[in-house]
Asker: 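Pasting a structure below so you can have a look.
Chain letters run A, B, ... following the sequence lines, proteins first and then strands; every chain starts at 1.
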Amino acid sequence: MSLMIYNTLNRKKEEFIPLHPGRVYIYVCGPTVYGHSHIGHAKSYISFDAIIRYFRYLGYRVKYVQNITDVGHLTDDADEGEDKIIKKAREEKLDPMEVAQYFTWSYFDDMAALGVLRPDISPHATGHIPEQIELIETLLEKGFAYEVNGSVYFDVHRFPEYGKLSGRRVEELEAGARIDVNPEKRHPADFALWKKADPSHLMKWRSPWSLGYPGWHIECSAMSMKYLGETFDIHGGGLDNVFPHHECEIAQSEAATGKPFVRYWMHNNMVSMAGEKMSKSAGNVLLIKDLLKQYSPLAFRLFILSSHYRSRLEFSDEAMKGAEQGLERLSGVVARLQEVQSQAEEIDGFSPPISIEEYYRRFEEAMNDDFNTPRAIAVLFDLAKEVNQYLTTNTKYHKPFVDELHLFYRKLATDVLGILPEKIAPTAEALSSGMVEKLVKVTIDVRALLRKEKNWNLADYIRDSLQEIGIILEDRPDGSTGWKFKK
RNA sequence: GGCGCCGUACCCAAGUGGCUAAGGGAGAGGUCUGCAAAACCUCCAUUCGGCGGUUCGAAUCCGCCCGGCGCCUCCA
């Protein structure tokens, strides 16, 4: 069973064959750090997080690079306008690096809160100015770029394959250009590699051409090739980066090295709200920090991964609540498995009522089909039903079997998808010490006596009161009472 | 104007030529139960925006129409 990946370059699914056996070299476009991240960003990073976790599950050694863009992206028209970070700095009366640094930490905090594993390398654009200058020099030497007035532009006509990723033609771009024509450019579709800074510009570096700053695509080429090689396996990012960003990256990189840049291009689709793409400019953003005030990070991951990464996802409170409930169901089954593990034993002649291998197979089959997490998650739910049946129809449990079931969720739900915690919220059985636990136990015992006397009013009063302080009691058919913390 | 995507039940969402259209949530009924919660069982789209066509057979392919969206400017 081979791993198939949808490659934007060919618009079809292709078998994944790594350049170096057993290894995956992957670059994903990171954030421009001029504001807090919203849940649209989160879809991208959670999707690639699951993809990388799955590669590791398959046994690949992954080198994951994700840039931090702390310079270069402009606000308005292609060549004029003000750098976003500088704009923010001016507004807040801060040094641009203070802005970039502040939002970099904010981004890292958000990702940690969402359980997104850190990339192996998080290179900063401003930390790689020499590499970018070097790349531009190569492009000039090879005649793919030209200098005008201290700025350097890439000449798209010198690179006939320009447009191969996004399916555009230079002539069409010319016709439909909504960009104000920059008189320095030979052709409207040419893009800047280096811009000369005007005297008031806040971020600038010395270069052979001028005191200036790098163009807005060159950083990704410079940094990805520095850490992953001139040709590497996967480059990922948002669908909205296909053109012009990734198209330009290909042009710059392949022109400079004469080699294929990236083997598999992967693009995630957007989050929408009320039918419209979530974006800062549209103003319909929900920040990750605000989302997490209301919903649990794991439920949000479940929500994100229950749609395919290449599909658009419609966010709503109703959908998020659905995810919360779904997560409750999954964590419920794992909590019961945990609970049962301590009392389970070896049962002679035990024959497993569930084929766990079959569920592994189905999960992998789904993930191997271009990381189809919605189908993979359905497998987890299907098994949950069977496990619950097993747990409710038996009173004695076969330890190795219970362990195996538990391991299944541990590996796939916790390690690969990251939708279940390492440890489920404690239950009475799982705990042997602690004052809270002891107090709850005493209370439950008292309530059991009241129930024996059929003093329902008092018994219910205790249960309701505990619920108010976040402790849920569950009476079971055998007369015992379990409890858990309210999520 | 150019390029492209999507429209599956109340909500989110898989499925892209062939058994009964995944899964979750919500909803209805039932088992259990003093009640509740959880769990389990049953039900919940004869139908996939509409109309034609291709085919033995289509949600899936083709055409037209309706509706929504993305990119072409920074964007995950």
Asker: Mind jotting down which residue pairs meet the salt bridge (Lys or Arg N to Asp or Glu O under 4.0 Å) criterion with at least one end in residues 378-393 of chain A? Sequence neighbours excluded, please.
Answerer: A/Arg362-A/Asp382
Asker: Among residues two or more places apart or on two chains, list those pairs meeting salt bridge (Lys or Arg N to Asp or Glu O under 4.0 Å) that have a residue in residues 456-474 of chain A.
Answerer: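 Residue pairs with at least one partner in residues 456-474 of chain A: A/Asp460-A/Arg463, A/Arg463-A/Asp475, A/Glu474-A/Lys484.
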Asker: In Å, rounded to the nearest 0.5 Å, how long is the span from CD of A/Glu219 to CD1 of A/Ile68?
Answerer: 10.0 Å
Asker: Which one, B/rA14, B/rC74, B/rC75, comes nearest to the side chain of A/Pro244?
Answerer: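 Among the listed nucleotides, the one closest to the side chain of A/Pro244 is B/rC74.
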Asker: Could you tell me the separation between the CG atom of A/Asn241 and the P atom of B/rC74, rounded to a whole number of Å?
Answerer: 10 Å
Asker: Please list, for nucleotides 41-45 of chain B, all pairs of protein and nucleotide N/O atoms separated by less than 3.5 Å.
Answerer:
unit_1	atom_1	unit_2	atom_2	d
B/rC41	OP1	A/Gln389	NE2	2.3

Asker: Looking only at the side chain of A/Glu318 (C-beta and beyond, no hydrogens), which of the listed nucleotides B/rC74, B/rC12, B/rG25 gets closest?
Answerer: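 Of the options given, the side chain of A/Glu318 lies nearest B/rG25.
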Asker: Do the charged groups of A/Asp49 and A/Arg53 touch, with an N to O distance under 4.0 Å?
Answerer: yes
Asker: When the distance from CG of A/Asp240 to C1' of B/rC5 is rounded to whole Å, what number comes out?
Answerer: 14 Å
Asker: Among B/rA13, B/rC71, B/rA39, which nucleotide has an atom closest to any side-chain atom of A/Arg329?
Answerer: B/rA39
Asker: Please classify the nucleic acid contact of A/Asn268 as base, sugar-phosphate, or nothing, using heavy-atom distances under 4.0 Å.
Answerer: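 It contacts base atoms.
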Asker: A/His36 and ring pair (Phe, Tyr, Trp, His ring centres under 6.0 Å): which single residue from A/Trp105, A/Phe103, A/Phe108 fits?
Answerer: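 Running ring pair (Phe, Tyr, Trp, His ring centres under 6.0 Å) over A/Trp105, A/Phe103, A/Phe108 with A/His36 returns exactly one hit, A/Phe103.
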Asker: Nucleotides 31-38 of chain B: which of its N/O atoms have a protein N/O under 3.5 Å away?
Answerer:
unit_1	atom_1	unit_2	atom_2	d
B/rG34	O6	A/Arg451	NE	3.2
B/rG34	N1	A/Asp460	OD1	3.1
B/rG34	N2	A/Asp460	OD1	3.4
B/rG34	N2	A/Asp460	OD2	2.7
B/rC35	O2	A/Arg463	NH2	2.6
B/rC35	N3	A/Arg463	NH1	3.0
B/rC35	N3	A/Arg463	NH2	3.4
B/rC35	N4	A/Asp475	OD2	2.9
B/rA36	N6	A/Asp475	O	2.8
B/rA36	N1	A/Asp475	N	2.9
B/rA36	N3	A/Arg463	NH1	3.2
B/rA37	N1	A/Asp475	O	3.0

Asker: Enumerate the protein-to-nucleotides 16-20 of chain B contacts in which both atoms are nitrogen or oxygen and the separation is below 3.5 Å.
Answerer:
none

Asker: Rounding to an integer number of Å, can you tell me how far A/Asp317 CG sits from B/rG24 P?
Answerer: 22 Å
Asker: Identify, residue by residue, the members of residues 298-307 of chain A with a heavy atom below 4.0 Å from RNA chain B, and return them in order of residue number, or none.
Answerer: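 Result for residues 298-307 of chain A: A/Phe303, A/Ser306, A/Ser307, sorted by number.
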Asker: Would you mind listing every salt bridge (Lys or Arg N to Asp or Glu O under 4.0 Å) that reaches into residues 104-113 of chain A, with sequence neighbours excluded?
Answerer: A/Asp110-A/Lys289
Asker: Taking atom C1' of B/rC12 as reference, at what distance in whole Å does atom NE2 of A/His308 sit?
Answerer: 16 Å
Asker: Select base, sugar-phosphate, or nothing to describe what A/Val271 touches, counting heavy atoms under 4.0 Å on all strands.
Answerer: base
Asker: Can you pull the side-chain hydrogen bond (donor to acceptor under 3.5 Å, both in side chains) pairs that have at least one residue in residues 271-280 of chain A, sequence neighbours excluded?
Answerer: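 Non-adjacent pairs meeting side-chain hydrogen bond (donor to acceptor under 3.5 Å, both in side chains): A/Asp240-A/Lys277, A/Ser272-A/Arg312, A/Ser272-A/Glu314, A/Ser279-A/Ser281.
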Asker: For the pair made of CG in A/Asn372 and P in B/rG23, what is the distance, rounded to whole Å?
Answerer: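 That distance rounds to 14 Å.
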Asker: What contact category does A/His267 fall into here, base, sugar-phosphate, or nothing, at under 4.0 angstrom with non-hydrogen atoms?
Answerer: nothing
Asker: When you compare B/rA59 with B/rU16, how far apart are their C1' atoms, in angstrom units rounded to a whole number?
Answerer: 8 Å
Asker: Could you tell me whether A/Arg168 sits above the aromatic face of A/Phe243, with NZ or CZ closer than 6.0 angstrom to the six-membered ring centre and within 45 degrees of the axis?
Answerer: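 Yes, a cation-pi geometry holds between A/Arg168 and A/Phe243.
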Asker: B/rA14 phosphate, OP1 or OP2: any side-chain N/O from A/Ser311 under 4.0 angstrom?
Answerer: yes
Asker: Using a 4.0 Å heavy-atom cut-off, does A/Gly40 contact any base of the nucleic acid, only the sugar-phosphate backbone, or nothing at all?
Answerer: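 Base contact.
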Asker: With heavy atoms under 4.0 Å as the rule, sort A/Met278 into base, sugar-phosphate or nothing.
Answerer: base
Asker: Quick check on B/rC3: is either OP1 or OP2 less than 4.0 Å from any side-chain nitrogen or oxygen of A/Arg11?
Answerer: no
Asker: Work out which heavy atom in A/Ser296 is nearest to a heavy atom in A/Glu324; give both atom names and the distance.
Answerer: N-OE2, 3.0 Å
Asker: Under 3.5 Å, side-chain donor or acceptor atoms of residues 367-380 of chain A against the rest of the protein: list the pairs with distances, not counting sequence neighbours.
Answerer:
unit_1	atom_1	unit_2	atom_2	d
A/Asn368	OD1	A/Tyr54	OH	2.8
A/Asn368	ND2	A/Glu364	O	3.3
A/Asp369	OD1	A/Lys13	NZ	2.8
A/Asp369	OD2	A/Arg375	NH1	3.0
A/Asp370	OD1	A/Tyr6	N	3.1
A/Asp370	OD1	A/Tyr309	OH	2.7
A/Asp370	OD2	A/His308	NE2	3.4
A/Asp370	OD2	A/Tyr309	OH	3.3
A/Asp370	OD2	A/Arg310	NE	2.8
A/Asp370	OD2	A/Arg310	NH2	2.8
A/Asn372	OD1	A/Arg375	N	3.2
A/Thr373	OG1	A/Leu305	O	2.7

Asker: Return the nearest nucleotide to the side chain of A/Phe243; candidates are B/rC12, B/rA76, B/rC71.
Answerer: B/rC71
Asker: Kindly say whether, by distance alone, the side chain of A/Lys84 makes a donor-acceptor pair under 3.5 Å with the base of B/rC74?
Answerer: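 A donor-acceptor contact between them is present.
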Asker: Does A/Phe315 reach a base, just sugar-phosphate, or nothing at all? Heavy atoms under 4.0 Å.
Answerer: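 The answer is nothing, as A/Phe315 stays clear of every strand by at least 4.0 Å.
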Asker: Does A/Ser47 reach a base, just sugar-phosphate, or nothing at all? Heavy atoms under 4.0 Å.
Answerer: nothing
Asker: What integer number of Å spans the P atoms of B/rG17 and B/rA58?
Answerer: 14 Å
Asker: Counting only pairs under 3.5 Å, give me each side-chain donor-acceptor contact of residues 112-124 of chain A, with atom names and distances, residues two or more places apart or in other chains.
Answerer:
unit_1	atom_1	unit_2	atom_2	d
A/Asp120	OD2	A/Arg56	NH2	3.3
A/Asp120	OD2	A/Tyr64	N	2.7
A/His124	ND1	A/Asp70	OD2	3.3

Asker: From B/rA14, B/rC72, B/rA13, pick the nucleotide closest to the side chain of A/Arg168?
Answerer: B/rC72
Asker: How many Å lie between CZ on A/Phe191 and P on B/rC72, as a whole number?
Answerer: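 So the CZ-P distance, A/Phe191 to B/rC72, works out to 15 Å.
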Asker: Please classify the nucleic acid contact of A/Ala319 as base, sugar-phosphate, or nothing, using heavy-atom distances under 4.0 Å.
Answerer: sugar-phosphate
Asker: Going by the ring pair (Phe, Tyr, Trp, His ring centres under 6.0 Å) test, which pairs reach into residues 445-465 of chain A, not counting sequence neighbours?
Answerer: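 Pairs touching residues 445-465 of chain A that pass the test: none.
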Asker: Between C1' on B/rA76 and CG on A/Asp49, what's the gap in Å once rounded to a whole number?
Answerer: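 Interatomic distance, CG of A/Asp49 to C1' of B/rA76: 14 Å.
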Asker: Test of understanding: with side chain to side chain contact (heavy atoms under 4.5 Å, CB included), list the residues that count as partners of A/Ser316, not counting sequence neighbours.
Answerer: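 If we apply the side chain to side chain contact (heavy atoms under 4.5 Å, CB included) test to A/Ser316, skipping adjacent residues, the hits are A/Glu318, A/Ala319.
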Asker: Atom OH of A/Tyr34 to atom C1' of B/rC75: distance rounded to whole Å?
Answerer: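 Between C1' of B/rC75 and OH of A/Tyr34: 6 Å.
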